[in-house]
Amino acid sequence: MLHATPTAADKRAAFRTALSSGKLQRFPGAFNPLTAKLIERHGFDGVYISGAVLSAELGLPDIGLTTATEVAGRSQQIARVTALPALVDADTGFGEPMNAARTVQLLEDAGVAGMHLEDQVNPKRCGHLDGKDVVDRATAVRRIKAAVQARRDPNFVIAARTDAKAVHGIEETIDRAKEFADAGADLLFPEAMTDAADFARLRAAVDIPILANMTEFGKSELLDTGTLESAGVNLVIYPVTLLRLALHAAEEGLRTISGQGTQSSLLDRMQHRRDLYELLDYSAYSVFDQNVFNFRG
Ligand SMILES: C[C@](O)(C(=O)O)[C@H](CC(=O)O)C(=O)O
Ligand SMILES: [Mg+2]
């Protein structure tokens, strides 16, 4: 009730152990705290907090307009309601390496289990769009080193994302991945990989855990969990999936109300009031409230 029981430190320790377990960790993107609870209810291993979703929720494109404090604020709201570890998208760290360092500490304070920092130039854009660019390797490594140094909880996971694949190809991706691992990154996020063979090549070249981004309508083939596990991937994110599903359903609903003058034909496609209350643990709040009343009385 009110918040999830495990502490942020517990969730980080569990996340670290899970990343080295050899079992693929599945992190759907939570577009708000409530969907984080739904993800937990459905037995997933963690929640992803997407920059693309955060921007879209604010009615903005994903072009580096959001701030570190906006991301930290939303992350805290999401992380506190779930027992699952949360991994958050920290874009380029919101500025210079020193800003990336501050971002790490803000996100630690927000209670998330880890974050990823990417090597795009500022202002960044969605990794599946054409026309993006990356900073040189030395600058990218400085960002990662600054983040690693700034961390106060050694279990806070720092993931290094490289956008080099779509810009320079798989060789440069592998070279950057090796440098990021040497700089202290705990997890690699190779963005816009084409297929399972790309992941297998990276797996053969580096020892640290690898993340696969299974975002829809982008540059990557949508690989299933068995294929990802066989390619040596440790964590998969579905960053925008729940938002896309929800918005599609919302569009259909609006069309129906507008066309039919009532939503009654949609009732069997809605989450029932009862199920929402159950997800929110309403009954526990009633008990709590009665206790407060009894104590006063
Ligand atoms: C993972 C990502 O960084 C995100 O913000 O969720 C996006 C997802 C997307 O736009 O589909 C990305 O891949 O750049
Ligand atoms: Mg992003």
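For ligands, and for the atoms within them, numbers begin at 1 and follow the listed sequence. Only heavy atoms go into these numbers, but all of them, side chains included; no hydrogens, no water, no symmetry mates.
Among the atoms of Glu118, no N, O or S atom is found under 2.8 Å from the Mg ion (ligand 2).
A salt bridge between Asp45 and Lys23 is present, with a side-chain N of the basic residue lying under 4.0 Å from a carboxylate O of the acidic one. Salt-bridge annotation for Asp130 and Lys219: present, with a side-chain N of the basic residue lying under 4.0 Å from a carboxylate O of the acidic one. Comment: Lys165 engages Asp198 in a salt bridge, judged by a side-chain N to carboxylate O separation of less than 4.0 angstrom. Salt bridge Glu252/Arg269: present, at least one basic N to carboxylate O contact under 4.0 Å.
The aromatic rings of Phe189 and His116 sit perpendicular, their planes meeting at an angle over 60°, well past the 30° parallel limit.
Of all N/O/S atoms in Asp89, OD2 sits nearest the Mg ion (ligand 2).
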Mind listing the N or O contacts between ligand 1 and protein, cut-off under 3.5 Å?
unit_1, atom_1, unit_2, atom_2, d
ligand 1, 3 (O), Asp89, OD2, 3.2
ligand 1, 3 (O), Arg161, NH1, 2.8
ligand 1, 5 (O), Ser50, OG, 3.3
ligand 1, 5 (O), Gly51, N, 3.2
ligand 1, 5 (O), Ala52, N, 2.7
ligand 1, 5 (O), Asp89, OD2, 2.8
ligand 1, 6 (O), Ser50, OG, 2.6
ligand 1, 11 (O), Thr215, OG1, 2.6
ligand 1, 13 (O), Glu191, OE2, 2.5
ligand 1, 13 (O), Asn213, ND2, 2.9
ligand 1, 14 (O), Gly127, N, 2.7
ligand 1, 14 (O), Arg161, NH2, 3.4
ligand 1, 14 (O), Glu191, OE2, 3.0

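In this structure, the ring of Phe27 has its center less than 6.0 angstrom from the ring center of Phe15.
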Run the side-chain hydrogen bond (donor to acceptor under 3.5 Å, both in side chains) check on Glu216 and Thr241 step by step: do they pass? CA-CA 7 Å; Glu216 304 84 5; Thr241 308; 2.4 Å; yes
